[in-house]
A.B. asks: 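Handing you a structure now.
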Amino acid sequence: RQALARARRKLAAASGARALEAAPEERVRAFRAALAAGDARAIASLLTDDALLLSDGGGRVVAALRPIRSADRIARFFAGVLRKARGIRAIEPRRINGAAGLVFATRSAPFAAIAFETVASGAIAHVLVVRNPDKLRAFASA
């Protein structure tokens with residue numbers, strides 16, 4: 001919870017304050033389908049033009065070192081992750097801090113947890129990616 005609170009504060013500071021909500025389930029399902037299809041255009045269409053992605057590897061695993069800004073760059077980021085990351089066997093819908101989210105899973109452990117925040121129109125404005133293995137333990141057994 002604290003990591004999410006910190007990420008929200010950073011997002012608010014980086015993008016200017018605007019009303020954000022957890023992404024609705026149907027938006028997360030559409031994002032998952034676009035990821036599974038490897039469709040960068042479909043991914044970008046679900047995001048605001050000025051969308052922001054933050055990634056947390058905790059210094060233990062590879063993660064984006066800087067925020068990624070824009071729908072196009074975020075879509076290309078996910079296309080690259082799916083192309084390069086070996087062993088991802090599933091993209092599972094999961095509850096993350098009580099809201100709809102996704103977990104990338106390998107055979108042995110969760111690879112990443114992804115939470116989303118949307119603007120009033122329903123478009124995804126923020127994508128929060130957690131790769132830190134210590135923080136992913138909660139998803140290992142569920």
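The figures here come from the full heavy-atom set of this structure, side chains too, leaving out hydrogens, waters and symmetry mates.
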A.B. asks: Run the side chain to side chain contact (heavy atoms under 4.5 Å, CB included) check on L47 and F31 step by step: do they pass?
C.D. replies: CA-CA 9 Å; L47 303 166; F31 197 90; 4.2 Å; yes
A.B. asks: Could you check if a side-chain atom of V119 sits within less than 4.5 angstrom of a side-chain atom of T48, using non-hydrogen atoms only?
C.D. replies: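 Yes, at least one pair of side-chain atoms sits under 4.5 Å.
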A.B. asks: Which atoms form the tightest heavy-atom contact between A34 and I43, and what is the distance?
C.D. replies: CB-CG1, 3.6 Å
A.B. asks: Charged N to carboxylate O under 4.0 angstrom, K135 versus D56?
C.D. replies: yes
A.B. asks: Could you check whether any side-chain heavy atom of P93 comes within less than 4.5 Å of a side-chain heavy atom of R32, counting everything from C-beta outward?
C.D. replies: yes
A.B. asks: Could you tell me whether the side chain of L35 reaches within less than 4.5 Å of the side chain of L82, counting heavy atoms only?
C.D. replies: yes
A.B. asks: Please report the shortest heavy-atom distance between I91 and A36, naming the atom on each side.
C.D. replies: CD1-N, 4.3 Å
A.B. asks: Minimum heavy-atom separation for G101 to I96, with atom names?
C.D. replies: CA-CD1, 3.9 Å
A.B. asks: For A40, does its backbone N or O pair with a side-chain atom of R76 as donor and acceptor, under 3.5 Å?
C.D. replies: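 Between the backbone of A40 and the side chain of R76 there is no qualifying donor-acceptor contact (under 3.5 Å).
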A.B. asks: Please report the interatomic distance CG(L53) to CZ(R73), rounded to the nearest 0.5 Å.
C.D. replies: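 CZ of R73 is found 12.5 Å from CG of L53.
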A.B. asks: Around atom CG of D39, are there more than 12 heavy atoms of other residues, nucleotides or ligands at under 6.0 Å?
C.D. replies: yes
A.B. asks: Could you check whether any side-chain heavy atom of V127 comes within less than 4.5 Å of a side-chain heavy atom of I114, counting everything from C-beta outward?
C.D. replies: yes
A.B. asks: Check whether the side chains of S70 and D72 place a donor and an acceptor atom closer than 3.5 Å, and report yes or no.
C.D. replies: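 D72 and S70 do not have a side-chain donor-acceptor pair below 3.5 Å.
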A.B. asks: Would you call the rings of F104 and F78 parallel, tilted or perpendicular, taking 30° and 60° as the class edges?
C.D. replies: tilted
A.B. asks: Could you check if a side-chain atom of V28 sits within less than 4.5 angstrom of a side-chain atom of L102, using non-hydrogen atoms only?
C.D. replies: yes
A.B. asks: Looking at T106, is its backbone amide N or carbonyl O close enough to the side chain of R89 to form a donor-acceptor pair, meaning the two atoms are under 3.5 Å apart?
C.D. replies: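 Checked: pair present.
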A.B. asks: If you look at every heavy atom in A63 and G57, which pair is closest and at what distance?
C.D. replies: CB-N, 3.5 Å
A.B. asks: Is R95 paired with E25 through a side-chain N to carboxylate O contact shorter than 4.0 Å?
C.D. replies: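 Salt bridge between E25 and R95, a charged N being under 4.0 Å from a carboxylate O: yes.
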A.B. asks: Is there side-chain contact between R94 and F139, with at least one heavy-atom pair below 4.5 Å?
C.D. replies: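 R94 vs F139: side chains touch.
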A.B. asks: Are I68 and L54 close enough that some pair of their side-chain heavy atoms sits under 4.5 Å apart?
C.D. replies: no
A.B. asks: Does the side chain of I124 reach to within under 4.5 Å of the side chain of R27, using non-hydrogen atoms?
C.D. replies: yes
A.B. asks: Would a distance-only check, ignoring hydrogens and angles, find a side-chain to backbone donor-acceptor pair under 3.5 Å from R131 to F111?
C.D. replies: yes
